[in-house]
Amino acid sequence: MPLCLLNVRNDWSLEEVRQLFALPFMDLLFSAQKVHRRFQVPNTVQVSTLLSVKTGACPEDCAYCPQSVRYDTGLEAQELLEVREVAKRALSAKESGATRFCMGAAYRSPKPKDLAKVIAMIREVKALGLETCATLGMLTPEQASELKAAGLDYYNHNLDTSARYYTDIISTRSYQDRLDTLRAVRDAGMNVCCGGIVGMGETPEDRAELLHTLATLPVQPESVPINQLVRVPGTPLATAASLDPFDFVRMIAVARILMPRAHVRLSAGRGEMSDELQALCFMAGANSIFYGEKLLTTGNPDTAHDLRLFERLKIAAEPLDASAPGASATSSEVADRLSPPKTQELAAAPALT
Ligand code: SAM
Ligand code: DTB
Ligand code: SF4
């Protein structure tokens, strides 16, 4: 199938997406890497750090999630953190080299009192010169506008899987609810961070449908997290069959081809992946990671290991856009420390074609 490398298309047909998934592995990787080099800075990976600002006791029933009140996962619930504590953690993330700080809360949707406190957190994090991201569940258009006004750069809200398989995974809200929130986030002028989870027992067709839905949104998401299911004991998906790692890489590669301008994030699940598998994911077009020893409630590779991996692969941390409001020289310096090579040198690297 000819790939249009110049334009971002959002008129992909489901059949085209299926055909991409059906390509021989090496052909798919080669196409994805070509698109990657055309649209992205090669050898450069965006670095985000996650913090759970409100943990557990969530009323929703997402079958993958250790934070649902319905499953006994042994997780200790934690009320909304103090603003000062969040600012402290954001500063430490910045000093470790992250350029984006993502605050996650186990809400179905935020209550007004909680939103006011999260807004105070966003202002503090923004004042540090970090990009801000939050994931707080469903939002009304008014809430989305308040968050935008407070300086929220990205809102994460995942579709998680296909519309069809979604009802097997979550019963307490609908796919349309998710799409409505994404619309509110987009209309408020924020960047959309939206992706899904692989390894929940979905079929290849479900994966194709999820990516097709994302790629054919009126405006494609700026950030696409691809999570591998973390099988947490006590959740209904604790014993889900393990995924063929090549199928995870295929998911990244197809996401890269369909959404060439997006940052595709190699998200949850890295703790169970070898360095070689992660390198294949970067080859397939992943160019963002969560950095820091914890995701929300589960583990992530330790930072020393990630630094070493970046060094071994000669991957540079993506610097903050110098023209972005609130970006500071200090942040870029910190990002530089994460990995020695300079982005400009890497951008000039010969294309693979
Ligand atoms: N409560 C909010 C919501 O659901 O939108 C925000 C937090 S929720 C934990 C954010 C995302 O984390 C989910 O949409 C899901 O994609 C991901 N997630 C949660 N548990 C996971 C797991 N065990 N493995 C992989 N991803 C997971
Ligand atoms: C996303 O797509 N993955 C992150 C973030 N967005 C919020 C969350 C992963 C959570 C993994 C399970 C846990 O640590 O609780
Ligand atoms: Fe709650 Fe979000 Fe977990 Fe679902 S994914 S149970 S909404 S915290």
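Start at 1 and go down the list; that is how both ligands and their atoms are numbered.
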For [X], which part has a heavy atom under 4.0 Å from ligand 2: side chain, backbone, both, or neither?
X	result
T135	side chain
L296	both
N156	side chain
N158	side chain

Using a heavy-atom cut-off of under 4.0 Å, does the side chain or the backbone of [X] touch ligand 1, or both, or neither?
X	result
L296	side chain
L237	neither
I197	side chain

Just go through [options] and tell me whose heavy atom is the nearest to [atom].
atom	options	value
atom 3 (N) of ligand 2	N227, V230, T73	N227
atom 4 (O) of ligand 1	Q228, M138, H157, R178	R178
atom 7 (C) of ligand 1	A106, G104, A105	A105

Please tell me whether [X] and [Y] have a donor and an acceptor in their side chains that are separated by less than 3.5 angstrom.
X	Y	answer
T303	E293	yes
Y166	R173	yes
E318	T44	no
Y64	N227	no

For this session: Output the list of atoms in ligand 2 that are nearer than 4.0 Å to some heavy atom of P225, sorted by atom number.
Result: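 Reading through ligand 2 atom by atom, the close ones are 2 (O).
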
Problem set entry | Which of the ligand 2 atoms, numbered from 1, are nearer than 4.0 Å to a heavy atom of L295 |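 Going through ligand 2 atom by atom, the ones under 4.0 Å from L295 are 14 (O).
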
Taking [atom] as the reference point, the nearest protein heavy atom with its distance:
atom	answer
atom 4 (C) of ligand 2	F290 CE1, 3.7 Å
atom 7 (S) of ligand 3	R173 NH1, 3.2 Å
atom 12 (C) of ligand 2	T298 OG1, 3.6 Å
atom 15 (O) of ligand 2	T297 OG1, 2.6 Å

For this session: Find out if a path of hydrophobic residues (ILVMFWY) with successive side-chain heavy-atom gaps under 4.5 Å connects L277 to L229.
Result: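 Same cluster.
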
Exercise. Do L210 and Y165 belong together in a cluster built from hydrophobic side chains that touch within less than 4.5 Å?
Worked result: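 L210 and Y165: one cluster.
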
For this session: Identify the heavy atoms of M251 and I226 that sit nearest to each other, and give their distance.
Result: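 For M251 versus I226, the nearest heavy atoms are CG-CG2, 3.8 Å.
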
Exercise. Is atom 16 (O) of ligand 1 less than 4.0 angstrom from some protein heavy atom?
Worked result: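 So far as the 4.0 Å threshold goes, atom 16 (O) of ligand 1 is in reach of a protein heavy atom.
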
Exercise. Protein heavy atom under 4.0 angstrom of atom 2 (Fe) of ligand 3, is there one?
Worked result: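 So far as the 4.0 Å threshold goes, atom 2 (Fe) of ligand 3 is out of reach of every protein heavy atom.
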
Problem set entry | Sphere of radius 2.8 Å around atom 1 (Fe) of ligand 3 - protein N, O or S atoms inside |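 Protein N, O or S atoms closer than 2.8 Å to atom 1 (Fe) of ligand 3: C58 SG.
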
Problem set entry | Under-4.0 Å salt bridge between E222 and R261 |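 Result for this pair is no, no salt bridge flagged.
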
Exercise. Polar-atom distance check: D160 versus ligand 1, any N or O pair below 3.5 Å?
Worked result: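 For ligand 1, there is an N or O atom that lies under 3.5 Å from one belonging to D160.
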
For this session: Could you say whether the N/O atoms of V232 and ligand 1 ever approach to under 3.5 Å?
Result: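 No - when backbone and side-chain N and O of V232 are compared with those of ligand 1, no distance drops under 3.5 Å.
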
Problem set entry | D11 atom CG, neighbour heavy-atom count above 12 within 6.0 Å |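 Buried by this count: over 12 neighbours within 6.0 Å.
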
